[in-house]
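Below: one structure, written as structure tokens.
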Protein chains: 2
Amino acid sequence: MKEDKEITIYDLAKHLKISAATVSRSLKDHPGISKSTKKKVQEAAKEMGYRSNNFARNLRKQKTNTIGVIVPKLNSYFVSSAIAGMEKIANENGYNLIISQSLESVKKEIANTITMFNSRVDGLLVSLAYDTENMEHFDVFFDKNIPVVFFDRVYEDSRSLNVIIDNYRNAYDITKHLVDEGCQRIMHIAGNLTRNVYAERCRGYKDALRDAGVEFQDELLIVNELSEEAGKELGKKILQMQNKPDAVFVANDVCAANCMQIIKTAGYSIPGDIAFAGFNNDPISKIVEPHLTTVNYPCYEMGEMAMRNLIDHLTGDGSISTTNKIILRSEIVVRASSLKGKGNNQGLHIA
Amino acid sequence: MKEDKEITIYDLAKHLKISAATVSRSLKDHPGISKSTKKKVQEAAKEMGYRSNNFARNLRKQKTNTIGVIVPKLNSYFVSSAIAGMEKIANENGYNLIISQSLESVKKEIANTITMFNSRVDGLLVSLAYDTENMEHFDVFFDKNIPVVFFDRVYEDSRSLNVIIDNYRNAYDITKHLVDEGCQRIMHIAGNLTRNVYAERCRGYKDALRDAGVEFQDELLIVNELSEEAGKELGKKILQMQNKPDAVFVANDVCAANCMQIIKTAGYSIPGDIAFAGFNNDPISKIVEPHLTTVNYPCYEMGEMAMRNLIDHLTGDGSISTTNKIILRSEIVVRASSLKGKGNNQGLHIA
DNA sequence: TTGAAAGCGCTAACAC
DNA sequence: GTGTTAGCGCTTTCAA
């Protein structure tokens, strides 16, 4: 029970008058050590307050049991949910998580990548920063065959696994839904179009318009940061438009909800004057009034899935080289913000 | 540029025909190594693709440059914001973060504590699980003088630093504000009362009532999980009360907002029939209608502050034994949900 | 079934 | 300014 100085396997060995090797093997439940010796060692370990030293172990084994996670920003509904899912799986499998945020800057993302690399993570889970355009900083991982799994904001690369949802399909469905509700001037608010998620959503939006015979208009496509503030700005901008849209499809709920507030405060009715749709199914979407039509994004499950696959790969149960892309089920959730009352909701799930 | 085998300082040493010690010192920018040697080493390191090995370093230095963080649940506005603040400071100071969640269960909290201990974290940051009542699992840290900083949900102990807000004062102010608005039957929804945060808020509520000459009534105090679902349950419960409250002060915004929805949907006016107040200044509080009166909780700053103090302690710049408690500024934010229109807002900040 | 010994990569006390 | 040397605590051949 003494806790003053760190107990090592040598202390145990000396105490029990056996070798350190035997202690090590007993502790690991190595076959080929007699039951009685194992028991003796394990008891002594407990009694003397022995704690295994991970560094010595890692140094020796060249393996860390640690997974690195790099996200754009920790404090968002999507990211915190995804990380919660990851932590659960990692924890269940005896892996530690080291987490860092790029704060949406490539520069910091690169720095974090290096830190992770030096920390010798066994694998890496990444959702890219807003402005990352070049992937060279992951090459060191690929070169060393350290598995990298991208989720949500991904990079198409044969050397890594991507875990995503069908952004294109969901955006297509939402846009089609708005058209079906009678909207013709549908605005789309996207994030940086070099990021897959926003590019795909935008493509879905455009294709749905095309298929519905609605002409795409450049002035109805806006790119912003999708933040609270951006939502408010957007609201003001819409109020200033002489030829207002009759629907707004925003690539995330936070931005949509904040925009709605401005529009409502100015006296416009939603969805009467302008219908709204968002993306993510953030809790905020069920609080804002009218409740926001959105896409139910399985954040937590995505975190679980990404981590599970990474660990399976690490333990040899699966291979990232065989699976290259995992697409999670997600679907649109129609709520009042987009229902113009034509009773025409195409059998979609109403929540 | 070769990435096949790990380059060590010995490889560099051999390549440059100097000793490993000199390489090590050059890399650390040790004073007492000639500029030219340093430069030579650093260039060679870059060229040969050298990466420092943290395990060897940690093993040698008996220090990990890693901080452990244990939180109840990663996916909440408060926690994710706090962690974002922590990560920022840790990152700036060259520390890694390993994060785990107790999922509100002591049992998992204890397991996580052990993992952190075995991972030899330099320090620990903890916000306690919902049902933690016994602190023995932190004794190993105290015994080894590994600093533990509690934040938000804390444990009063002379051996650790607590970073908190003045929950009592804020709750007192909110309750007084409700009384000033003319409310007399003020309900309070608390979390587990063995947790300091909820106990203090409850105490503030009771004292404010007492000071205002309003009698405390047991039936108006409810303890629940403060979740979305709990908010909805609460709403239903209130609807069933024959003698309804004229105000509801909930210990968190998520629960409050969800409760409000139910109440509103049933046709009651807020704040006309029932005023509402929450706690945290969650983004949801500015979206729900009417906007929710709440307490502006500096989540991000709390994370920064907790981490900064822990690191200062680690580097000897400050001492946890001298500072035992840090109370961050927080204040109530009055919004429409509690303004009964008596124009009596006591000079409080209106947002 | 166990032990001896080497070494993972790095740092720091001590030399010179 | 730089080199020598001895570990940090553990795992794992190889040998017995």
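Naming convention: chains lettered A, B, ... in sequence-line order (proteins, then strands); numbering from 1 in each chain. Bear in mind that the values here come from a model prediction, so they are computed numbers and not experimental data.
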Fill in the blank from the handout: Readout for nucleotides 11-16 of chain C: B = base within 4.0 Å of protein heavy atom, S = sugar-phosphate only, - = neither; 5' to 3' it is BBB---

Problem - Nearest-Å distance for atom pair NZ/C1', residues K39(A) and dT1(C) - result: 19 Å

Exercise for the section: Send over the distance from F55(B) CZ to dC10(C) C1', rounded to a whole Å. Expected result: 13 Å

Exercise for the section: Verify whether one side chain among N112(A) and N91(B) offers a donor that lies under 3.5 Å from an acceptor in the other. Expected result: yes

Problem - OP1 or OP2 of dT1(C) under 4.0 Å from side-chain N/O of T22(A) - result: no

Practice task
Give me the bend of the helix from dT1(C)-dA16(D) to dC16(C)-dG1(D), using the axes of the five pairs at each end, rounded to 10°.
Solution key: 30°

Practice task
Classify the ring geometry between F141(A) and F117(A) as parallel (under 30°), tilted (30 to 60°) or perpendicular (over 60°).
Solution key: perpendicular

Problem - T66(A) side chain near D122(A) side chain, heavy-atom distance below 4.5 Å - result: no

Practice task
Provide, to the nearest angstrom, the distance between the NE2 atom belonging to H30(A) and the P atom belonging to dC10(D).
Solution key: 17 Å

Exercise for the section: Flag the pair N96(A) / I67(A) as yes when at least one side-chain heavy-atom distance between them is below 4.5 Å, and no otherwise. Expected result: no

Problem - Gap between atoms NZ and C1', on K40(A) and dT1(C) respectively (whole Å) - result: 12 Å

Handout entry: Basic-acidic side-chain contact under 4.0 Å: R195(B), E133(B)
Key = no

Practice task
Flag the pair K88(B) and E304(B) as a salt bridge only when some basic side-chain nitrogen lies within less than 4.0 angstrom of an acidic carboxylate oxygen.
Solution key: yes

Exercise for the section: Using atom CD1 of I7(A) as one end and atom P of dC8(D) as the other, report the distance to the nearest whole Å. Expected result: 14 Å

Handout entry: Check: Y300(B) ring centre within less than 6.0 Å of F78(B) ring centre
Key = no

Fill in the blank from the handout: Checking N93(B), L97(B), V149(B), I83(B) against M307(B) for side-chain contact (heavy atoms from CB on, under 4.5 Å), the one that qualifies is L97(B)

Practice task
Examine dT2(D): is either OP1 or OP2 under 4.0 Å from a nitrogen or oxygen in the side chain of T37(B)? Give yes or no.
Solution key: yes

